[in-house]
Structure formats: structure tokens, C-alpha cells
A.B. asks: 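Pasting a structure here, questions to come.
In this chain, numbering begins with 1 at the start of the sequence shown.
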Amino acid sequence: MAIQVLCTDLDGTLLNNQKEIAPADVAAISRWQATGRLFGITSGRQETGEARALRTLVRPDFVVCLNGALVIKADRQRKRRPLSAAAAARVITVMMQANVQEIVVTFQGLSHPLDMHSGRFAGIDPAALPGDGRGIDKLSAIIKDPQTRAKLMLALHQLPVTTTHSDTDYLEVTGPGVTKASGLTVALGAACPLAQVAAVGDYGNDEEMIKQVGIGYAVANATARLKAVADRLTVANTDAPISHIVNDLLDTKN
């Protein structure tokens with residue numbers, strides 16, 4: 001089945017180590033979209049963070065934010081899939097009991113750090129937490145110690161949430177079944193099955209997406225685990241990987 005959609009993770013994949021997009025990647029994305037195919041961004045970032053990174057150099061057809069908790073479809077309709085109030089409260093309690101360096105909540109499109117002494121999030125009315133029907137999109141914990149991180153991951157797996165990680169020190173929690181892969185399904189709808197999608201990433205929050213799409217790529221700087229589940233490997237984020245992938249897909253007519 002021919003690939004009709006290409007999507008990429010942002011940090012560590014489309015963005016190089018200077019948080020910039022290579023000119024060769026900008027040109028390749030334009031070439032891809034000029035064929036009538038769709039290009040999308042999938043990221044753990046919030047919407048404003050993704051927009052800042054793209055800087056109008058790239059205009060994606062759709063965007064999956066916050067590991068799938070917010071999806072902006074090709075027709076610009078928006079779909080939020082927040083944590084329930086009860087689940088968010090339980091996650092915060094478990095995180096508070098662990099020896100984490102920081103807890104951050106993404107609520108109504110903005111990220112807020114938790115005051116580890118008061119248990120309150122800066123900038124949020126306490127009456128609105130853990131939610132008033134609007135919900136929390138994502139909870140993140142920064143943990144430097146690998147053993148503490150592994151224990152917290154295990155504890156969170158017992159809750160009705162989705163837990164993943166980005167970079168080495170971040171645990172990220174979204175609602176049950178909310179992943180970049182499910183966000184892609186929401187973004188594309190019935191018009192395009194995941195079998196017609198190629199995706200590229202570098203870390204744990206990309207794993208489900210890489211496994212479920214038609215062709216999953218891992219950049220050379222990806223984790224060993226992501227490389228193991230990917231269908232293909234490409235160059236590192238410092239070497240314009242999207243240009244290589246577009247050449248691969250268009251020149252071999254996948």
C-alpha cells in the first residue's frame with residue numbers, strides 16, 4: 001500500500017541539537033506536500049511550543065500535540081483527550097510520593113510547575129485542579145535517578161493512564177489509550193489508515209507510533225529500543241533525516 005502521509009517527532013528528530021530545522025528538511029517537506037501527500041508533526045510539546053519550533057518554516061497539514069492529548073486535524077478541527085479528574089489526582093499523589101525533581105502539568109494549553117511543598121501548581125486556581133470537566137492534558141515528572149524512575153513507571157502502570165518517557169529524565173502521563181499513534185488515527189480519520197503512514201522518531205513516546213504505522217523509521221540518535229521496533233533506520237537528527245526519508249519514499253515509490 002503506497003505511503004500517503006509522513007509524520008515526524010519534533011525534538012531529537014526534525015529539530016537538530018540547536019533546536020533548528022535543516023534547510024534540506026524544509027525543502028524535502030515542501031517537495032513531499034507538493035505531491036499532494038500529507039505531512040504532520042507528532043510531539044510531546046504543547047501547541048504553542050510546536051509553533052515556536054516550526055517558526056513558519058514548515059506548515060504541517062495536521063499536528064498531534066502532547067503525545068496525542070490534543071490533535072489539530074487536517075480540516076483544522078481540534079480534539080482534546082484529557083485525563084479524568086480522578087486519574088489526574090491519583091497520578092499527582094503517586095508522583096508526590098516519589099523522589100522526583102519536578103512535576104509539571106499541562107492544563108488548558110499551558111504548562112505549570114508544581115510547588116513541591118504546597119502541592120499547588122503555579123498559575124492555576126486550586127479550585128480548577130485536578131479538573132472541573134476541562135481536565136488536564138498531560139502530567140510530566142523529571143527524575144534523574146534511574147531506579148526511582150523505574151519504580152515510578154511501574155507504579156503508574158497500575159493506574160488507568162498511559163505512561164511513557166521522552167529524553168532520559170522525563171516521564172509523561174496522558175489519558176488511557178492516548179498516544180501519538182492514537183492521535184494519528186484521530187488526525188487522519190477513516191480517510192487514511194495507519195498502513196499508509198510513514199513516521200519517524202527517537203524516543204519512548206514515539207514507540208507505539210513507530211510500531212503501528214506502515215513504515216516506522218528511527219533516527220540514528222534514537223534509543224536502542226526504538227531502533228529495535230523500527231522498520232528502517234535513517235541518519236541522525238543532525239544530518240537532515242527528513243530529506244533522506246522523503247528521498248527514500250518518493251524515489252522507491254513506497
A.B. asks: Looking at Glu47 and Arg78, is any side-chain nitrogen of the basic one under 4.0 Å from a carboxylate oxygen of the acidic one?
C.D. replies: yes
A.B. asks: Does any N or O in the side chain of Asp239 come within less than 3.5 Å of the main-chain N or O of Val235, such that one atom is a donor and the other an acceptor?
C.D. replies: no
A.B. asks: For Leu15, does its backbone N or O pair with a side-chain atom of Glu20 as donor and acceptor, under 3.5 Å?
C.D. replies: no
A.B. asks: Which residue pairs pass the salt bridge (charged side-chain N to carboxylate O under 4.0 Å, His left out) test when at least one of the two sits in residues 171-190, sequence neighbours left out?
C.D. replies: Asp9-Lys180, Lys138-Glu172, Lys180-Asp206
A.B. asks: Nearest 0.5 Å, what's the OG1-CG distance between Thr42 and Asn205?
C.D. replies: 8.0 Å
A.B. asks: Could you state whether Val246 and Val26 fall into the same hydrophobic cluster, counting links through intermediate Ile, Leu, Val, Met, Phe, Trp or Tyr residues with side-chain heavy atoms under 4.5 angstrom apart?
C.D. replies: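 Val246 and Val26: one cluster.
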A.B. asks: Show me the pairs that pass ring pair (Phe, Tyr, Trp, His ring centres under 6.0 Å) and involve residues 179-205, at least two apart or across chains.
C.D. replies: His165-Tyr203
A.B. asks: Is there side-chain contact between Trp32 and Ile3, with at least one heavy-atom pair below 4.5 Å?
C.D. replies: yes
A.B. asks: Could you list the cluster mates of Tyr170? Members are the ILVMFWY residues connected by side-chain heavy atoms closer than 4.5 Å, either directly or through other members.
C.D. replies: Ile142
A.B. asks: Using side-chain heavy atoms (C-beta onward) and a distance below 4.5 Å, is Ile242 in contact with Ile29?
C.D. replies: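 Ile242 vs Ile29: side chains touch.
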A.B. asks: Does one side chain, of Gln147 or Asp145, offer a donor that lies under 3.5 Å from an acceptor on the other?
C.D. replies: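 Note: Gln147 and Asp145 side chains miss the donor-acceptor criterion.
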A.B. asks: I need the minimum non-hydrogen distance between Pro176 and Pro160, along with the two atoms involved.
C.D. replies: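 The pair with the smallest heavy-atom distance is CD-O, 3.3 Å.
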A.B. asks: Side chain to side chain contact (heavy atoms under 4.5 Å, CB included), that's the test. Do Leu139 and Val104 meet it? Break it down for me.
C.D. replies: CA-CA 6 Å; Leu139 283 159; Val104 176; over 6 Å; no
A.B. asks: Does Glu50 use its side chain to pair, donor to acceptor, with the backbone of Gln46 at less than 3.5 Å?
C.D. replies: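 The answer is no, because no donor-acceptor pair under 3.5 Å joins these two groups.
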A.B. asks: If you take all heavy atoms of Ser243 and Asp25, which pair is closest and at what distance?
C.D. replies: N-OD1, 2.8 Å
A.B. asks: Do Leu250 and Val200 share a hydrophobic cluster, counting only Ile, Leu, Val, Met, Phe, Trp and Tyr and linking them when any side-chain heavy atoms are less than 4.5 Å apart?
C.D. replies: yes
A.B. asks: Grouping I, L, V, M, F, W and Y whenever their side-chain heavy atoms are under 4.5 Å apart, do Leu14 and Leu6 come out in a common cluster?
C.D. replies: yes
A.B. asks: Determine whether the side chains of Glu208 and Gln212 contain a donor N or O and an acceptor N or O closer than 3.5 Å.
C.D. replies: yes
A.B. asks: Report yes if the side chains of Leu188 and Val197 come closer than 4.5 Å at any heavy-atom pair, otherwise no.
C.D. replies: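 The answer is yes; the side chains approach within 4.5 Å.
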A.B. asks: Any ring pair (Phe, Tyr, Trp, His ring centres under 6.0 Å) involving residues 55-103? Give me the pairs, sequence neighbours left out, ordered by first then second residue.
C.D. replies: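 Of all non-adjacent pairs touching residues 55-103, none passes ring pair (Phe, Tyr, Trp, His ring centres under 6.0 Å).
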A.B. asks: Taking Gln4's backbone N and O only, do any of them form a donor-acceptor pair with Arg37's side chain (distance below 3.5 Å, no angle check)?
C.D. replies: no
A.B. asks: Can a side-chain donor-acceptor contact be found between Asn237 and Asn16 if the only test is distance below 3.5 angstrom?
C.D. replies: no
A.B. asks: Mind checking side chain to side chain contact (heavy atoms under 4.5 Å, CB included) for Val229 and listing every partner two or more places apart, or none if nothing turns up?
C.D. replies: Glu207, Ile210, Lys211, Leu226
A.B. asks: Salt bridge check, Arg81 against Asp137: does any charged N sit closer than 4.0 Å to a carboxylate O?
C.D. replies: no
A.B. asks: Is there a side-chain contact between Leu114 and Val105 in this structure, where contact means two heavy atoms from C-beta onward sitting under 4.5 Å apart?
C.D. replies: no
A.B. asks: Give a yes or no on whether a salt bridge exists between Asp202 and Arg225, defined as a side-chain N under 4.0 angstrom from a carboxylate O.
C.D. replies: no
A.B. asks: Side chain of Ser182, backbone of Thr179: donor and acceptor closer than 3.5 Å?
C.D. replies: yes
A.B. asks: Roughly how far, to the nearest 0.5 Å, is the CG atom of Leu10 from the CZ atom of Arg52?
C.D. replies: 11.0 Å
A.B. asks: Evaluate side chain to side chain contact (heavy atoms under 4.5 Å, CB included) for Leu171 paired with Arg149, printing each intermediate quantity in order.
C.D. replies: CA-CA 8 Å; Leu171 286 186; Arg149 190 163 58 247; 4.1 Å; yes
A.B. asks: The test is side chain to side chain contact (heavy atoms under 4.5 Å, CB included); show your working for Thr8 and Tyr217 and say whether it passes.
C.D. replies: CA-CA 9 Å; Thr8 178; Tyr217 288 86; over 6 Å; no
A.B. asks: Give a yes-or-no answer on whether the side chains of Asn67 and Arg45 include a donor-acceptor pair shorter than 3.5 Å.
C.D. replies: no
A.B. asks: If I compare all heavy atoms of Ala69 with all of Val178, which pair ends up nearest, and what's the gap?
C.D. replies: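 Residues Ala69 and Val178, closest heavy atoms: N-CG1, 3.5 Å.
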A.B. asks: If you look at every heavy atom in Arg76 and Ile72, which pair is closest and at what distance?
C.D. replies: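 That would be NH2-CG2, 3.6 Å.
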A.B. asks: Between Cys7 and Met209, is any pair of side-chain heavy atoms under 4.5 Å apart?
C.D. replies: yes
A.B. asks: Do Val100 and Met96 share a hydrophobic cluster, counting only Ile, Leu, Val, Met, Phe, Trp and Tyr and linking them when any side-chain heavy atoms are less than 4.5 Å apart?
C.D. replies: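 Yes.
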A.B. asks: Search all heavy atoms of Ala187 against all heavy atoms of Val64 and return the closest pair with its distance.
C.D. replies: CB-CG2, 4.4 Å
A.B. asks: Going by the side-chain hydrogen bond (donor to acceptor under 3.5 Å, both in side chains) test, which pairs reach into residues 54-65, not counting sequence neighbours?
C.D. replies: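 Sorted pair list: Gln33-Asp61.
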A.B. asks: Looking at CZ of Arg90 and CD of Gln158, how far apart are the two atoms once the value is rounded to the nearest 0.5 Å?
C.D. replies: 10.0 Å
A.B. asks: Is Pro60 close to Val58 at the side-chain level, that is, under 4.5 Å between some pair of heavy atoms?
C.D. replies: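 Side chain of Val58 against side chain of Pro60, heavy atoms only: contact under 4.5 Å found.
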A.B. asks: Taking a hydrophobic cluster as the set of Ile, Leu, Val, Met, Phe, Trp and Tyr residues connected by side-chain heavy atoms closer than 4.5 Å, whether directly or through intermediates, do Val94 and Ile92 fall within one such cluster?
C.D. replies: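 Same cluster.
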A.B. asks: Can you name the closest pair of heavy atoms from Ala87 and Ser84 and give their distance?
C.D. replies: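 Looking at all heavy atoms of both residues, the shortest contact is N-OG, 3.1 Å.
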A.B. asks: So, the side chain of Thr164 versus the backbone of Gly204: is there a donor-acceptor pair under 3.5 Å, distance only?
C.D. replies: yes
A.B. asks: Carefully, step by step, assess Leu233 and Lys227 under the rule side chain to side chain contact (heavy atoms under 4.5 Å, CB included).
C.D. replies: CA-CA 7 Å; Leu233 302 181; Lys227 290 178 181 178; 3.9 Å; yes
A.B. asks: Which value, rounded to the nearest 0.5 Å, describes the distance between Ser140 atom OG and Asp169 atom CG?
C.D. replies: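 It is 12.5 Å, given to the nearest 0.5 Å.
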A.B. asks: Taking the side chain as everything from C-beta on, heavy atoms only, tell me whether Thr106 gets closer than 4.5 Å to Ile136.
C.D. replies: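 Thr106 vs Ile136: side chains apart.
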A.B. asks: Heavy atoms, side chains only, cut-off 4.5 Å: are Val173 and Thr162 in contact?
C.D. replies: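 No, every pair of side-chain atoms sits at 4.5 Å or beyond.
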